[in-house]
Amino acid sequence: MTALRTTEGFSFTITASDRRTGARTGILTTPHGEVATPCFMPVATQATVKAMTPDEVADLGYRMVLANAYHLWLRPGVEVISAAGGLHHFMGWDGAILTDSGGYQVMSLGKDVKITPEGASFRSHLDGSKIFLSPEDSMRIQSALGADIAMALDECLPYPAERGRLQRSLDLNLDWARRCLAAHDNPRQALFGIVQGGSSADLRASSAARMAELDFPGYGLGGLSVGEPRELTLEMIELSLAELPQDKPRYLMGVGDLLGLAESVARGVDLFDSVLPTRIARNSSALVASGRMNLRNAAYREDPRPVDETCGCYACRSFSRAYLRHLVMAKEILGFHLLTVHNLFQLEKLTRDLRAAVASQSVGALLDSLAAREVE
RNA sequence: GGAGCCGUGGUGUAGCCUGGUUUAACACACUGGCCUGUCAAGCCAGAGAUCGCGGGUUCGAAUCCCGUCGGCUCCG
């Protein structure tokens, strides 16, 4: 195996740890700048954080976003992005980019999916044509896109999944991970492996332990937050992290609610992504400590208060719930934009608060106050 | 004065001719829920009209007949 063991311009340094929880802070150095962890990555599936300009995303404090290899491969095509000088240049984002391999799409798009040892064959969600994605394909695509961090192609199973299925998937994922390492040839790109195992404790631990042996520069925790209860998610995180090296970044894939993120940080997770903040914004909901606020509700028709009086975002500083409700009821784009701004602000602020709490050894207190907060 | 057309939930309509698959359908609006490595400015669900009104025919009428009220159009 000729795997790249070092990546130019990439490193991860832990700067502090909370003594009473597993939380830690770090600096993730990438070819496109440093990223303070714990960090949330807004999702830019189609090379755009929906409803936001790159400047707005950066102004909120974000230094890294997630894009999707599968979607960009199908449209506009890798050639287009290569010709434009790579994904960063194409989308006008000079911060770091992590690309997802397409493994999740195989599950979520789910039409005529056939997983073989060679790869995944399924139908394009755009035109129904049959397509095939192998670990090597995903590496080639992500390398061409030029992401700072690429993810190994994995098989992500829905919840609940049969044990036998999970077991077979575990071996397949190990094999695919090795092939991704072997195929990965972009020296300016780090490649993360992905721990699977569903919600089965021993399979989860086994997947983590065997992935750890492959010595990736970072690890994703995949197949979580796909419908299983929160306690189970947290248990799987603990089991996985126990098997992974302390000094490598750990990335929990797909968690974007405030409490869930904070509880995961307390267990040692460094990176997150989720469509939740941006998607629910476009579906009229604001992220609040206690969960979500649906601005379509009639209760806010004449409510002069901001979404959250303690929030410093542009939307909360400038507009009432009544106005936001009016905008989303009228399906005005501005309403969805403002809610996206608020939701991304909340997540970035939470990670900032968590970083400060690690430095001051007060992660537990922050968690307690977050759980106790009710915005109504 | 005469003739014709129309009157169905909040709004706009379908059903009427060829009564019974109508516990009256659809769209929008309204109310609520959902969304977590984005096929998602989306999806799901709910409330809401006994069909202008009265009478008749019929086993059965939103549907047929008569009358009446209201609106519109045309002719005088």
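Every heavy atom of this structure was used, including side-chain atoms; hydrogens, water molecules and symmetry mates were not. Order of the sequence lines sets the chain letters (A, B, ...), proteins ahead of strands, with each chain counted from 1.
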Say you pick atom [atom1] in [N] and the same atom in [M]; how far apart are they, in whole Å?
N: B/U8; M: B/A62; atom1: C1'; answer: 7 Å
N: B/G1; M: B/A61; atom1: C1'; answer: 34 Å
N: B/G70; M: B/G33; atom1: P; answer: 47 Å
N: B/U31; M: B/G71; atom1: C1'; answer: 33 Å
N: B/G15; M: B/U22; atom1: C1'; answer: 9 Å
N: B/C44; M: B/A24; atom1: P; answer: 24 Å
N: B/C75; M: B/A29; atom1: P; answer: 41 Å
N: B/A25; M: B/A47; atom1: P; answer: 12 Å

Interface residues of [range] with RNA chain B (non-hydrogen, below 4.0 angstrom):
range: residues 139-165 of chain A; value: A/Asp154, A/Cys156
range: residues 221-232 of chain A; value: A/Gly223, A/Ser225
range: residues 312-321 of chain A; value: none

Does a donor on one side chain sit under 3.5 Å from an acceptor on the other, for [X] and [Y]?
X: A/Asp202; Y: A/Ser200; result: yes
X: A/Ser124; Y: A/Asp127; result: yes
X: A/Gln196; Y: A/Asp154; result: yes
X: A/Glu34; Y: A/Thr30; result: no
X: A/His337; Y: A/Tyr314; result: no
X: A/His125; Y: A/Gln105; result: no

Could you state the atom-to-atom distance from [atom1] of [X] to [atom2] of [N] in whole Å?
X: A/Ile97; N: B/G37; atom1: CD1; atom2: C1'; result: 16 Å
X: A/Asp257; N: B/C35; atom1: CG; atom2: C1'; result: 12 Å
X: A/Arg301; N: B/G32; atom1: CZ; atom2: C1'; result: 16 Å

### Query
Any salt bridge between A/Lys50 and A/Glu56, counting N to O under 4.0 Å?
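So A/Lys50 does not pair with A/Glu56 through a salt bridge.
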### Message
Taking 4.0 Å as the cut-off, does a side-chain nitrogen or oxygen of A/Asn294 come that near to OP1 or OP2 on B/U31?
### Response
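False: A/Asn294 side-chain N/O out of range (4.0 Å or more) of B/U31 OP1/OP2.
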### Task
Output all residues satisfying side chain to side chain donor-acceptor pair (under 3.5 Å) with A/Arg373, sequence neighbours left out; order by chain, then residue number.
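Side chain to side chain donor-acceptor pair (under 3.5 Å) check on A/Arg373 returns A/Asp308, A/Thr310.
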### Query
Do any N or O atoms from the side chain of A/Asn186 and from the backbone of A/Ser143 form a donor-acceptor pair under 3.5 angstrom?
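Yes, the answer is positive, given that a donor and an acceptor are paired below the 3.5 Å cut-off.
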### Query
How does the hydrophobic cluster around A/Ile149 look, that is, which other residues are in it when side-chain heavy atoms under 4.5 Å mark a link?
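Hydrophobic cluster check, A/Ile149: joined to A/Phe10, A/Phe12, A/Ile14, A/Leu28, A/Val35, A/Met41, A/Val43, A/Met64, A/Leu66, A/Leu98, A/Met151, A/Phe192, A/Ile194, A/Tyr251, A/Met253, A/Leu271, A/Val275.
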### Query
What salt bridge (Lys or Arg N to Asp or Glu O under 4.0 Å) pairs are there with at least one residue in residues 318-328 of chain A, not counting sequence neighbours?
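As it turns out, the salt bridge (Lys or Arg N to Asp or Glu O under 4.0 Å) pairs with a partner in residues 318-328 of chain A, which skip direct neighbours, are A/Asp303-A/Arg321.
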### Task
Quick one: list whatever passes salt bridge (Lys or Arg N to Asp or Glu O under 4.0 Å) with A/Glu332, sequence neighbours left out.
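Applying salt bridge (Lys or Arg N to Asp or Glu O under 4.0 Å) to A/Glu332 gives none.
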### Task
For A/Ala177 and A/Leu214, work out which heavy atoms get closest and say how close.
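Looks like CB-CD1, 3.8 Å.
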### Query
If pairs are Watson-Crick or G-U with both distances under 3.5 Å, what is the dot-bracket string of RNA chain B, marking crossing pairs with [ ] and pairs to another strand with |?
((((((((.[[[[.)....(....]]]].(((((.......))))).....[[[[[..)....]]]]]))))))).
### Sub-6.0 Å ring centroid separation between A/Phe122 and A/Tyr70
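Distance test on ring centres: under 6.0 Å, yes.
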#### Entry: side chain to side chain contact (heavy atoms under 4.5 Å, CB included) partners for A/Glu136, two or more places apart
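Result, side chain to side chain contact (heavy atoms under 4.5 Å, CB included) vs A/Glu136: A/Ser134, A/Arg179, A/Ala183.
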### Task
Using heavy atoms to find the nearest nucleotide of RNA chain B for A/Val255 and A/Arg325 separately, return the residue whose nucleotide is more 5′.
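The 5'-side residue here is A/Arg325.
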Contacts under 3.5 angstrom, residues 224-240 of chain A side chains, donor-acceptor by atom type, not counting sequence neighbours:
from	atom 1	to	atom 2	distance (Å)
A/Glu228	OE1	A/Ser225	N	3.3
A/Glu228	OE1	A/Val226	N	2.9
A/Glu228	OE2	A/Ser225	N	2.6
A/Glu228	OE2	A/Thr233	OG1	2.7
A/Arg230	NH1	A/Asp257	OD2	3.3
A/Arg230	NH2	A/Asp257	OD1	2.9
A/Thr233	OG1	A/Pro229	O	3.2
A/Glu238	OE2	A/Arg267	NE	2.6
A/Ser240	OG	A/Met236	O	2.6

Under 3.5 Å, which donor-acceptor pairs link side chains of residues 294-301 of chain A to any protein atom two or more places apart or in another chain?
from	atom 1	to	atom 2	distance (Å)
A/Asn294	OD1	A/Arg296	N	2.9

### Summary
Per-nt protein contacts along nucleotides 38-44 of chain B (heavy atom under 4.0 Å; B base, S backbone sugar-phosphate only, - none) come out as BBBBBB-
